[in-house]
Visitor: 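My structure is below; once you've seen it, I'll send some questions.
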Amino acid sequence: MQSNDRGRPLRVGVAGLGRLGRRHAQNLAYRVPGATLAAACSPLEDDLTWARTALPATRLYSDYAQLLADDSLDAVWLVTPSALHAQQIVEALRAGKHVFCEKPLSLDVAECERVVEESRRFSGQQVTIGFMRRFDPSYHDAFDKLRAGAIGRPFLVRSQTCDLNDPDGFFVRFSAGSGGIFLDCTVHDIDVARWLLGKPRATRVYAAGAVALHEGLREFGDVDNGVAICEFEGGKLAMFYASRTMAHGNDTSSEVIGTAGALAIGRVPRTNRVEIYDAHGARSECTPTFFERFEDAFLIEAQAFVAAVRARLNGTALGATTDAGQGATLEDALEATRIGDALRRSLQTGQAVTL
Ligand SMILES: NC(=O)c1ccc[n+]([C@@H]2O[C@H](COP(=O)([O-])OP(=O)(O)OC[C@H]3O[C@@H](n4cnc5c(N)ncnc54)[C@H](O)[C@@H]3O)[C@@H](O)[C@H]2O)c1
């Protein structure tokens with residue numbers, strides 16, 4: 001962005017128009033002040049057909065290289081399969097773009113390290129990894145309360161990511177490229193735990209799992225329910241649970257325990273504040289998927305990224321920001337993959353893994 005361009009919207013190109021990419025594209029097109037969705041890219045004709053009707057005048061490409069060659073773009077927004085993220089981030093940085101990339105950074109620790117190393121050459125460009133829970137208003141409030149000393153010294157996080165069972169076996173097909181339950185789901189809880197506990201270094205992990213419903217996962221060395229313990233330096237701890245088989249909906253929650261109290265975030269996964277009282281008892285309906293639960297978080301995350309890049313380009317400082325207002329860095333995402341990968345190895349070997 002040239003100095004005479006100050007004030008014009010940030011031009012963003014989305015790569016990947018699948019399950020989540022379509023949501024990000026619509027947010028950027030219609031709901032993020034200061035941004036224009038200028039281009040989108042997917043190798044699938046179905047995705048491009050959807051984009052022609054669902055998105056405003058947006059240039060469409062079938063090849064990521066074409067998106068990067070679009071000189072009008074300031075930033076790319078990667079919502080592509082996890083195994084592609086690392087290489088696509090590096091290529092985007094080399095093409096001079098700011099980068100937002102969905103989690104996880106990579107399924108491979110060495111690849112994460114390579115991106116962190118390479119990104120040092122591009123310190124003028126923003127790179128944020130999409131751990132959107134940091135932008136959920138309830139998680140954000142808990143973070144602020146922690147920093148204000150509301151529960152004394154926090155030392156333990158319990159966190160879970162549990163999805164509605166899909167009898168059609170979406171998660172089984174997805175498993176081949178997702179990295180398995182710990183790198184796909186628990187990676188969010190790992191990031192939350194590190195963020196809430198002050199980014200401690202992990203020292204040892206242990207994981208176990210079960211195949212409760214989806215036998216097809218065994219072929220990928222994956223499970224549909226996983227539990228894990230993570231020890232951090234300084235005596236801090238985290239306990240994780242992930243499931244693909246919930247009967248009631250998406251049940252994602254976290255709890256942080258301190259020396260003078262505890263904070264629970266989203267313990268009852270209710271979709272709204274209506275309670276039903278009838279012959280079956282008293283109950284609330286559950287959030288169906290992660291997207292309804294974190295719809296606001298995805299939007300606030302996008303707004304924060306756009307504001308951060310525009311502030312960078314205009315040479316203006318953002319207003320008072322705390323860690324709570326910022327997304328995960330490449331270094332944060334590297335640590336999340338390091339721990340998630342160790343959990344995967346622990347599941348496979350049945351042994352604790354020392355980091
Ligand atoms: N933050 C979250 O809670 C959350 C939730 C779901 C998915 N995700 C992440 O989002 C990413 C995408 O997940 P999804 O569920 O949307 O997957 P998906 O398979 O539905 O969509 C992937 C899209 O990428 C496209 N694609 C494949 N190769 C490409 C390439 N070389 N260039 C451009 N596009 C390409 C595919 O055509 C498809 O449109 C994954 O990394 C996943 O971990 C994050």
Side-chain angles (χ1 to χ4, degrees), residues 15-24 42-44 47 64 77-89 100-112 115 129-133 159-192 205 207-228 230 240-246 250-252 288-291 293-294 298 328 332-348:
L17 294 170
R19 199 169 56 125
L20 185 58
R22 294 180 185 199
R23 308 283 193 145
H24 276 299
S42 169
L44 292 185
D47 289 347
Y64 181 59
W77 205 274
L78 295 169
V79 204
T80 49
S82 301
L84 303 182
H85 293 172
Q87 183 60 26
Q88 289 182 330
I89 292 172
F100 174 91
C101 179
E102 260 305 331
K103 50 57 66 175
L105 167 53
S106 170
L107 305 174
D108 180 83
V109 176
E111 249 196 344
C112 291
V115 182
I129 304 300
F131 286 108
M132 79 299 181
R133 265 181 227 179
S159 193
Q160 69 175 44
T161 301
C162 296
D163 280 313
L164 179 65
N165 183 48
D166 175 7
D168 291 341
F170 167 80
F171 291 123
V172 179
R173 295 189 298 279
F174 194 63
S175 180
S178 75
I181 201 163
F182 293 121
L183 278 166
D184 187 39
C185 299
T186 305
V187 75
H188 280 293
D189 304 290
I190 295 168
D191 183 65
V192 159
V205 301
V211 174
L213 286 176
H214 297 286
E215 288 295 325
L217 289 171
R218 293 188 195 279
E219 180 187 339
F220 304 105
D222 200 3
V223 293
D224 55 22
N225 281 262
V227 293
C230 178
F240 304 125
Y241 173 46
S243 175
R244 310 281 202 190
T245 62
M246 292 290 107
N250 178 277
D251 190 346
T252 293
T289 74
F290 70 91
F291 196 78
R293 169 64 185 87
F294 290 109
F298 282 114
D332 293 329
L334 161 62
E335 290 313 311
T337 292
R338 195 194 304 284
I339 296 169
D341 175 68
L343 293 178
R344 180 170 60 174
R345 285 188 282 132
S346 177
L347 175 71
Q348 284 162 358

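Here, residue 1 is the first one in the sequence, and each next residue gets the next number. In this text, all values refer to a predicted model and were calculated from it rather than measured experimentally.
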Visitor: Can you tell me how far apart CE (M246) and CG (L164) are? Round to the nearest 0.5 Å.
Guide: 9.5 Å

Visitor: Okay, side chain of Y64, backbone of Q88: is any donor-acceptor separation there less than 3.5 Å?
Guide: yes

Visitor: Using only heavy-atom distances, determine whether the side chains of N165 and H214 contain a donor-acceptor pair under 3.5 Å.
Guide: yes

Visitor: To the closest 0.5 Å, what do you measure between CD1 (I190) and CZ (F131)?
Guide: 8.0 Å

Visitor: How about T252 and N250: does a side-chain donor come under 3.5 Å of a side-chain acceptor?
Guide: yes

Visitor: Counting C-beta onward and ignoring hydrogens, is there a side-chain heavy-atom pair between I89 and I129 closer than 4.5 Å?
Guide: yes

Visitor: Does the side chain of D341 reach to within under 4.5 Å of the side chain of D108, using non-hydrogen atoms?
Guide: no

Visitor: Taking all heavy atoms of V187 and all of P104, pick out the closest pair and write down the distance.
Guide: CG2-CB, 4.4 Å

Visitor: Could you check whether E111 and H85, counting side-chain N and O atoms only, form a donor-acceptor pair closer than 3.5 Å?
Guide: no

Visitor: Which one of D191, D184, D332, D189 satisfies the salt bridge (Lys or Arg N to Asp or Glu O under 4.0 Å) criterion with K103?
Guide: D184

Visitor: Please determine, by modelled atom types, if T245 and N225 share a side-chain donor-acceptor pair under 3.5 angstrom.
Guide: yes

Visitor: Do the side chains of R344 and L183 get nearer than 4.5 Å, heavy atoms only?
Guide: yes

Visitor: Output yes when a side-chain donor or acceptor of E102 lies under 3.5 Å from a complementary backbone atom of S82, and no otherwise.
Guide: no

Visitor: Applying ring pair (Phe, Tyr, Trp, His ring centres under 6.0 Å) to F290 and H188, what does each step give before you reach the verdict?
Guide: CA-CA 12 Å; F290 70 91; H188 280 293; 8.2 Å; no

Visitor: Determine, for R22 against D47, whether the closest basic-nitrogen to carboxylate-oxygen distance falls under 4.0 angstrom.
Guide: yes

Visitor: When you measure from the side chain of S346 to the backbone of A207, do you find a donor-acceptor pair of N or O atoms at a distance under 3.5 Å?
Guide: yes

Visitor: Ignoring hydrogens and geometry beyond distance, is a side-chain donor-acceptor pair present between R133 and T161 at under 3.5 Å?
Guide: yes

